[in-house]
Amino acid sequence: MSRLPRFPVEGRCLCGAASYVLAASPLAVYACHCRDCQRFASGPYAVGIIVNRKDVIFPQAAALASTQRRGDSGRIVRQFACAQCGTRLWHEADHAPDTVILRAGTLDEPGWARPAVHSWTRSRLPWVDLGDEPQFAGAVPSRDVLYDAWRAWLDAGET
Amino acid sequence: MPLPKFPQQGGCHCGAVRYELTAPPLGVYNCHCTDCQKMSGAAYAMSMPVRTETLVQLSGEVSIFEKVADSGRRVQMVSCAKCGTRMWNVPLSSPEMRTLRPGTLDDFSWAEPVGNIWTKSRMPWIEIDAALVNYEGQPPSREPLYAAWSAKHGEA
């Protein structure tokens, strides 16, 4: 059985003022345990879905507020949130302009978005079980590592 | 992990808002409700109920978004006005309480959750530890969660 939903799928903020459509399968799903993600999520990690920018129908700019931050990796990241309720929906980085990273919890049906890789585990919370997925103490060395791990997870579901 | 010395400090991502927690919380648990999933962008969020007088804002400006919970109760969600990091909730039905988002503490490695709520909407790949105090939906009372926390750490 496929581990993917039927696309398109939708997501939205808490108040519903900002919504998006993901039209095609993502490139990867991963969990980030960096302190920034923990702070924004108020949890042990955030779950990111890397998608091709062309596969997303974004909310109107007027519905959004954007902020910039420097990640633990040193890279500049732009985050986009609902201007009304403040729910962060996705972020994007200059070093990968063709992709954006959706925040999995904002999907209407997020259950399929299971992390295939854990990054920044040097700040992981000690009681959180990470399972058998690949782990990296800091940043993942390349996007290909994420894409390969996600593909392997999907392939395992087909057998 | 033992409790740290209080006060403990925390704040938003950009550093504009800083706060101090002057005493241990009443408990810590994971919330798997869909609102927490949306706001966290993750599988669940951690929640830390504290007494209002023990949470002291030290600096910065906050913005407030008010939502109506499934129970019909009104909750104010307090964020940094600059960077948008959500830091605590004000439940208008219980003004003596604040619900701190413990991920915003400078160190929250001591805040191991004693339970889970709204497990019926948990992500299918999340395993719930059956030895904890767990609820499928909203707990009728948080007292059992507080009792589990006290049993582990002593009275708050």
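Per chain, numbering begins at 1; letters A, B, ... match sequence-line order.
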Contacting moiety of [X], where chain B heavy atoms sit under 4.5 Å:
X	value
T106(A)	both
C32(A)	neither
A65(A)	neither
A81(A)	neither
R124(A)	neither
L107(A)	backbone
L125(A)	side chain
P110(A)	both

Going by the angle between their ring planes, with limits at 30° and 60°, are [X] and [Y] parallel, tilted or perpendicular?
X	Y	answer
W112(A)	F7(A)	perpendicular
Y19(B)	W88(B)	perpendicular
W110(B)	F6(B)	perpendicular

Assess the pair [X] and [Y]: is the distance between their ring centroids shorter than 6.0 Å?
X	Y	answer
F108(B)	W127(A)	no
H13(B)	F40(A)	yes
W149(B)	Y29(B)	no

Sort out for me which of [options] touches chain B most, counting heavy-atom pairs under 4.5 Å.
options	result
C37(A), P115(A), G131(A), C82(A)	P115(A)
S42(A), P126(A), A46(A)	S42(A)
A113(A), G43(A), A41(A)	A41(A)
C85(A), P44(A), G48(A), C15(A)	C85(A)

Taking atom CD as the centre, does E109(A) end up with more than 12 heavy-atom neighbours from other residues, nucleotides or ligands that are less than 6.0 angstrom away?
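Counting other residues, nucleotides and ligands, CD of E109(A) stays at 12 neighbours or fewer.
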
Q8(B), R18(B), Q9(B) screened by side chain to side chain donor-acceptor pair (under 3.5 Å) with D106(B), the one that passes
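Only one option passes, and that is R18(B).
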
I'd like to verify something: which residue of [options] has the highest number of heavy-atom pairs under 4.5 Å with chain A?
options	answer
S109(B), C36(B), S121(B), G84(B)	S109(B)
C12(B), S47(B), G103(B)	G103(B)
S79(B), C83(B), P113(B)	P113(B)

Ion pair check, D94(A) and R75(A), cut-off under 4.0 Å
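Salt bridge: no.
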
So is R3(A) actually on top of W153(A)'s ring, under 6.0 Å and inside 45° of the axis?
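R3(A) over W153(A) ring: yes.
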
So what's closer than 4.5 Å to chain A heavy atoms on [X]: side chain, backbone, both or neither?
X	value
C31(B)	neither
I64(B)	neither
M77(B)	side chain

So among V51(A), N52(A), V56(A), which one has a side chain to side chain contact (heavy atoms under 4.5 Å, CB included) with K54(A)?
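Considering V51(A), N52(A), V56(A), a side chain to side chain contact (heavy atoms under 4.5 Å, CB included) with K54(A) is found only for N52(A).
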
